Asks: 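Below: one structure in structure tokens.
Fair warning: this is a prediction, and the values are worked out from it, not measured in the lab. Because only heavy atoms are used, hydrogens play no part in the values below, and waters and symmetry mates are left out as well, while side chains stay in.
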Amino acid sequence: MTSESAADGPVRSAASALKTFWNFILRSFSHSLQVRIVVLTIVLTSVAIFGVGTYMSQQIARGLFDTRLDSLSSQTRSILAELRSLAPVDGQAVTQDTLSSQLSSIYNRSAGSVYSLTLQPKDPNSSFSTITAGGSNEDGEATQVPVSDELREAIRKAPTDDKLYQSVSLPDGTGPGLLITQELQIPGAGQFQLYYLGDLSEQQDTLNFVQRSMFVAALVLVVLVGAVAWIVTRLVVTPVRTGAEVARLIADGDLDERMPVHGNDEIAVLGESFNDMADTLQHQIEQMERLSVLQRQFVSDVSHELRTPLTTIRAAADLIYDSRDDLDPVTARSAELLNSQAERFDNLLSDLLEISRYDAGAAALVPKPVDIGAIVTSVIETVSMVAEQMDTAIVVHAPSSPVMAEVDRVRITRIVRNLVVNAIEHGENNPVDVYVASNAEAVAVSVRDHGVGMNEEQVEHVFDRFWRADPARKRTLGGSGLGLAISLEDAHLHNGWLQVWGKLGEGSCFRLTIPRRPDQEITSSPLPLPPRDAQIRGSALVAGPLSSDGSVRIQTGSIPIVVETEPEMLEDDNKSVAEAAPQASSPETTTTAFEAVSDGEAAADESDSAAADGSETGTAETGPRSTDVGDPDLDGDGMDDGEGGRS
């Protein structure tokens with residue numbers, strides 16, 4: 001192992017620890033209101049203290065500087081007066097030594113307040129040289145006055161009596177200094193420039209002490225404010241957390257949970273109000289559960305109790321119906337009506353018993369490998385007579401190979417029959433398209449009609465029990481009004497979806513999507529919804545579960561889903577619209593007619609396009625059998641409600 005590799009280990013560990021700590025901070029900040037308030041309080045307090053401290057420090061520094069400047073300026077005036085008062089002795093001119101002695105005397109008297117004094121002759125040709133008192137280095141040599149170029153330029157331009165000053169650093173680097181300069185005339189010596197360098201170290205020490213004191217005070221204040229914010233927010237957040245936990249427990253079904261209440265403050269009032277609300281909800285939920293149990297029990301008991309007299313009535317009605325040829329026309333017609341209404345009554349009881357089994361959680365699957373295409377073919381054979389009498393063609397688009405899935409054949413047959421019969425009823429004699437497709441995880445059946453369609457409200461409520469899309473619509477095919485509700489529960493029982501799209505004037509499309517195995521989750525459907533041939537602008541409303549939750553629903557309401565689509569579509573071509581869910585590529589399919597032989601050549605997308613323009617499609621062949629169209633015998637499943645709305 002190299003030295004670099006050995007050094008990488010601690011570095012990676014430190015980086016990992018820092019990353020973990022940072023993620024913990026971010027998670028705490030985003031998930032904890034208390035942490036967020038405390039952090040924001042500390043940050044804002046720190047910013048405020050920094051701003052105030054900076055302002056106060058600047059003001060104190062300015063005050064100390066101004067005070068020192070006034071003191072040094074006063075001393076400079078005294079020195080200037082003393083130097084100007086020099087006069088020749090016994091008629092002799094002032095000499096270099098005289099000036100040096102006088103300057104040293106002034107420096108010695110001002111020790112402690114002045115760092116150095118320097119006299120510099122203005123005339124370069126003067127017989128005097130620069131004289132410096134104080135400011136010696138370690139070798140005893142006088143240090144040079146720190147005069148900047150800016151100050152020299154200012155001295156050159158300034159009038160004779162102007163006093164100039166500049167903040168400088170002392171030559172020995174011990175601290176800050178203040179350089180004051182002014183021109184003066186010494187009798188018998190000429191013009192000189194006086195440089196007075198004062199020491200500001202004492203003022204700097206004072207400022208440093210004040211700044212340290214302010215920093216310590218700010219640190220203590222920030223800690224205290226953070227602690228106060230933590231305590232105050234804890235007093236508020238703790239009851240909120242308790243309330244959230246109690247609400248979660250109540251939502252999970254523990255209706256006896258309540259918030260603890262202490263004191264008489266606003267939090268206590270909130271807790272009491274929450275507990276009162278929980279008591280009311282518990283009472284109402286328990287009452288609704290009792291009513292629901294009684295309702296389910298009533299429906300179940302009535303359905304079972306009516307079975308016995310209904311069986312007797314059916315037997316008598318069948319006997320009379322079989323003998324109708326021997327009766328007069330009025331009585332024969334009455335026998336036919338009695339027989340058909342007895343069948344409707346039997347169908348209604350069958351649906352009520354089925355929905356009561358779902359409500360009681362007693363419905364169970366009997367899955368077996370089944371060809372979904374065969375189920376569709378069988379259903380179309382059953383309803384072919386009704387389709388012929390309604391002058392409706394049924395077009396099947398199915399793969400050439402079997403579409404296998406483990407399903408309960410009886411329940412899937414009931415769903416498909418219900419969807420096809422509803423399409424015939426509301427298709428306005430237009431063709432009904434039935435699509436069958438599959439992908440790796442699911443199989444799907446879509447039933448598309450081109451009839452009256454549905455608006456958004458009808459799409460949202462189409463799966464509700466006994467809900468009628470149009471109460472005034474003329475009834476053609478009678479039923480219990482529970483067909484779609486039972487179909488939705490059958491789809492849920494398979495862990496699948498049953499969804500619908502509709503638009504007024506363009507018909508509707510029901511899509512059943514079920515997994516290939518009941519225990520498998522599905523994420524997409526092999527068929528589009530809205531259908532490819534739908535003319536959609538903007539968004540389309542699709543009703544049905546996003547995914548099956550496997551629960552038994554007492555009220556089978558629908559879940560609206562807004563599907564965004566492309567805003568621009570051509571009305572005269574066969575372009576497909578954006579699909580409502582992600583789709584997998586389906587296997588090679590053919591467009592086949594009922595009881596027709598599939599050619600096995602066209603692909604799934606080609607068959608859809610063919611269905612759109614009417615090419616290479618067939619219609620369902622109906623048999624010569626006749627029956628009462630108003631009351632066909634469809635085993636009570638998949639029928640419309642008794643008032644003509646979608647069931």
Asks: Using side-chain heavy atoms (C-beta onward) and a distance below 4.5 Å, is Glu521 in contact with Asn495?
Replies: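 Yes - at least one pair of side-chain heavy atoms lies under 4.5 Å apart.
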Asks: Between Arg258 and Glu272, does any side-chain N to carboxylate O distance fall below 4.0 Å?
Replies: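 No, no charged N to carboxylate O under 4.0 Å.
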Asks: Is the closest side-chain donor-acceptor distance between Thr523 and Glu441 under 3.5 Å?
Replies: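 Yes, Glu441 and Thr523 have a side-chain donor paired with an acceptor closer than 3.5 Å.
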Asks: Look only at the side chain of Ser74 and the backbone of Asp70, and say whether a donor-acceptor pair between them is shorter than 3.5 Å.
Replies: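 No; zero donor-acceptor contacts below 3.5 Å.
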Asks: Give a yes or no on whether the backbone of Ser16 and the side-chain of Thr20 come within a donor-acceptor separation of less than 3.5 Å.
Replies: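 Flag set: sc Thr20 to bb Ser16 pair under 3.5 Å.
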Asks: Do the side chain of Asn275 and the main chain of Met259 share a donor and acceptor less than 3.5 angstrom apart?
Replies: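 Such a contact is found between Asn275 side chain and Met259 backbone.
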Asks: I'd like to know if the side chain of Gln34 and the backbone of Trp230 have a donor-acceptor N/O pair within less than 3.5 Å.
Replies: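 Judged by distance alone, yes, a pair lies under 3.5 Å.
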Asks: On the 0 to 90° scale, with breaks at 30° and 60°, tag the Tyr165-Phe65 ring pair as parallel, tilted or perpendicular.
Replies: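 It falls in the tilted class, 30° to 60°.
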Asks: Look only at the side chain of Arg511 and the backbone of Leu527, and say whether a donor-acceptor pair between them is shorter than 3.5 Å.
Replies: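 It does hold such a pair.
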Asks: Closer than 3.5 angstrom, by distance alone: can the side chain of Ser104 be matched with the main-chain N or O of Ser101 as a donor-acceptor pair?
Replies: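 Side chain of Ser104 to backbone of Ser101, a donor-acceptor pair under 3.5 Å: no, none is there.
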Asks: Salt bridge between Glu245 and Arg241, side-chain N to carboxylate O under 4.0 Å?
Replies: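 Not counted as a salt bridge, because no side-chain N and carboxylate O are separated by less than 4.0 Å.
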Asks: Is it true that a side-chain atom of Arg516 and a backbone atom of Asn439 form a donor plus acceptor pair closer than 3.5 Å?
Replies: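 Judged by distance alone, yes, a pair lies under 3.5 Å.
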Asks: Ignoring hydrogens and geometry, is there a side-chain-to-backbone donor-acceptor pair from Glu82 to Ile79 under 3.5 Å?
Replies: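 Flag not set: sc Glu82 to bb Ile79 has no pair under 3.5 Å.
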Asks: Hey, which of Lys163, Gln193, Gln120 is the one that makes side-chain hydrogen bond (donor to acceptor under 3.5 Å, both in side chains) with Thr181?
Replies: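 Considering Lys163, Gln193, Gln120, a side-chain hydrogen bond (donor to acceptor under 3.5 Å, both in side chains) with Thr181 is found only for Gln193.
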Asks: Checking Asn208 side chain against Gln204 main chain: does a donor-acceptor pair fall under 3.5 Å?
Replies: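 Judged by distance alone, yes, a pair lies under 3.5 Å.
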